[in-house]
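Report on the structure given below.
As a basis for the values below, the full set of heavy atoms in this structure was taken, side chains included, without hydrogen atoms, waters or symmetry mates.
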Amino acid sequence: MEFNDIHIGMKCGSKKGSGTVTWIDGSTRTIYMANTDSNNSFEVGFEEIIEDPQAHNKEDTYY
């Protein structure tokens, strides 16, 4: 996945949890996401995005 492939509204997974992209900072390559369960916001670096097309909860990271 390329950085330019990410867009607002996209569902993504990361080691910090799954969420919906709410904002993208191109200068720092940081992606801001809202948690799908509680709508809490968190940020992840582009390198932390999991390329798996399935979005999982943080608890499902190891299964």
Sequence neighbours left out, cut at 3.5 Å: what donor-acceptor pairs do the side chains of residues 1-10 make with other protein atoms?
from, atom 1, to, atom 2, distance (Å)
D5, OD2, E2, N, 3.0
H7, ND1, D5, O, 3.4

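Residue pairs meeting the ring pair (Phe, Tyr, Trp, His ring centres under 6.0 Å) criterion with at least one member in residues 14-33, sequence neighbours excluded: W23-Y32.
Residue C12 comes nearest to I49 through the heavy atom pair CB-CD1, 4.1 Å, listed as atom of the first residue, atom of the second, then distance. F42 and A34 make their closest contact through CE2-C, 4.3 Å (heavy atoms, listed as atom of the first residue, atom of the second, distance). Closest of all the heavy-atom pairs between G17 and M33 is O-CE, 4.0 Å.
Evaluation of the side chain to side chain donor-acceptor pair (under 3.5 Å) rule for D25 yields S27, T28 as partners, not counting sequence neighbours. Partners of T20 according to the side chain to side chain donor-acceptor pair (under 3.5 Å) rule, which considers only residues two or more places apart in sequence or in another chain, are K11.
F46 is not listed as a side-chain neighbour of T30, based on a closest heavy-atom distance of 4.5 Å or more.
The closest donor-acceptor contact from the side chain of K16 to the backbone of E43 lies under 3.5 Å.
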